[in-house]
Amino acid sequence: MDLDSISSVSSLQALAKLLSDAPGDDDDDEQGPRCSVSAMTPGCIGPAKKETCGTSEVKSENKKTIWNTEEVPEGSEFDDIWDPREQPEYEILFKQQVGTEDVFFGMSRKDPSTACCEDMVIKIKLPETKVSDITLDIQDKVLDLRTPQKKLLLHLPCPVDSKNGKARFLSEEEILEVTLRMTREFDFINFA
């Protein structure tokens with residue numbers, strides 16, 4: 001490439017037209033620049049897009065709703081940032097059922113990882129709490145625990161079977177132990 005072709009007048013005029021702030025005075029407004037140099041974004045690349053004015057329609061049965069129920073994340077109805085109660089200490093453990101064929105012979109495909117666990121155990125420390133004061137609500141992905149002094153809204157790491165769970169309060173240790181069966185894809189293959 002030679003130096004004369006780079007600095008030709010037509011090349012410089014094309015560059016000036018490309019970098020100008022206002023749309024070109026020429027007849028090809030469609031191909032002119034749409035953004036100023038200081039506000040250049042990736043959206044400025046390419047031909048001008050037709051501007052659509054108007055609002056997007058909400059597709060729902062009730063026209064008064066502003067969002068669909070599918071758009072609201074599960075568990076958000078429990079969020080309460082103004083609640084002064086403190087969050088109790090808790091830990092999440094994973095549990096698997098093994099037999100002698102697993103432990104001694106290694107005949108199944110189970111290993112010590114959490115991928116081979118069937119149950120999730122949540123231990124929540126509740127000092128100075130009676131069993132009658134505890135309110136526990138379990139959804140597929142959310143655990144909601146409330147006592148007069150403590151409040152815990154826990155988004156679970158795996159979906160669980162909310163209908164079949166066990167909870168027991170160990171009064172000597174002041175710990176609530178909740179055992180939930182996890183529901184994951186392909187568990188019927190892994191744990192058949």
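Side-chain atoms are counted along with the backbone in the values below, which use heavy atoms only and exclude waters and symmetry mates. Numbering of residues begins at 1 and proceeds along the displayed sequence.
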Derivation of the side-chain contact (heavy atoms from CB on, under 4.5 Å) call for D140 and D161 = CA-CA 6 Å; D140 289 342; D161 182 9; 5.9 Å; no

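- Neither V160 nor V121 shares a network with the other; the hydrophobic side chains, linked directly or stepwise wherever heavy atoms of I, L, V, M, F, W or Y lie under 4.5 Å apart, form separate groups for each.
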Checking side-chain contact (heavy atoms from CB on, under 4.5 Å) for the pair D119/L180: CA distance, chi angles, key distance, verdict?
-> CA-CA 6 Å; D119 295 322; L180 302 167; over 6 Å; no

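- Partners of E86 according to the side-chain hydrogen bond (donor to acceptor under 3.5 Å, both in side chains) rule, which considers only residues two or more places apart in sequence or in another chain, are K150.
- In this structure the side chain of I175 never reaches within 4.5 angstrom of the side chain of L126, judged on heavy atoms.
- Here CD of Q87 is found 10.0 Å from CG of L145. Values are rounded to the nearest 0.5 Å.
- Closest of all the heavy-atom pairs between M182 and C117 is CE-O, 3.3 Å.
- Annotation: the span from F94 atom CZ to M120 atom CE amounts to 5.0 Å, rounded to 0.5 Å.
- By the 4.5 Å heavy-atom criterion applied to side chains, Q139 and D137 are counted as neighbours.
- In this structure, the separation between OG on S162 and NZ on K141 is 12.0 Å, given to the nearest 0.5 Å.
- L170 contributes atom CG, which lies 8.0 Å from atom CG of L176 (distance to the nearest 0.5 angstrom).
- Distance CD1/I138 to NZ/K163: 10.5 Å, rounded to 0.5 Å.
- Put simply, the side chain of L156 does not reach to within 4.5 Å of the side chain of V142, judged on heavy atoms.
- Checked against side-chain hydrogen bond (donor to acceptor under 3.5 Å, both in side chains), E177 has the following partners two or more places apart in sequence or in another chain: R168.
- Between the side chain of R85 and the backbone N or O of T147 there is at least one donor-acceptor pair closer than 3.5 Å.
- Note: E118 CD to R181 CZ = 5.5 Å, rounded to the nearest 0.5 Å.
- Every residue was checked against the side-chain hydrogen bond (donor to acceptor under 3.5 Å, both in side chains) condition with T129, not counting sequence neighbours, and none meets it.
- Here the side chain of E91 pairs no donor or acceptor atom with the backbone of I122 at under 3.5 angstrom.
- Contact of the E174 side chain with the P127 side chain is registered, since non-hydrogen atoms from C-beta on lie closer than 4.5 Å.
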Derivation and outcome, side-chain contact (heavy atoms from CB on, under 4.5 Å), residues L152 and D144 | CA-CA 6 Å; L152 176 65; D144 183 27; over 6 Å; no

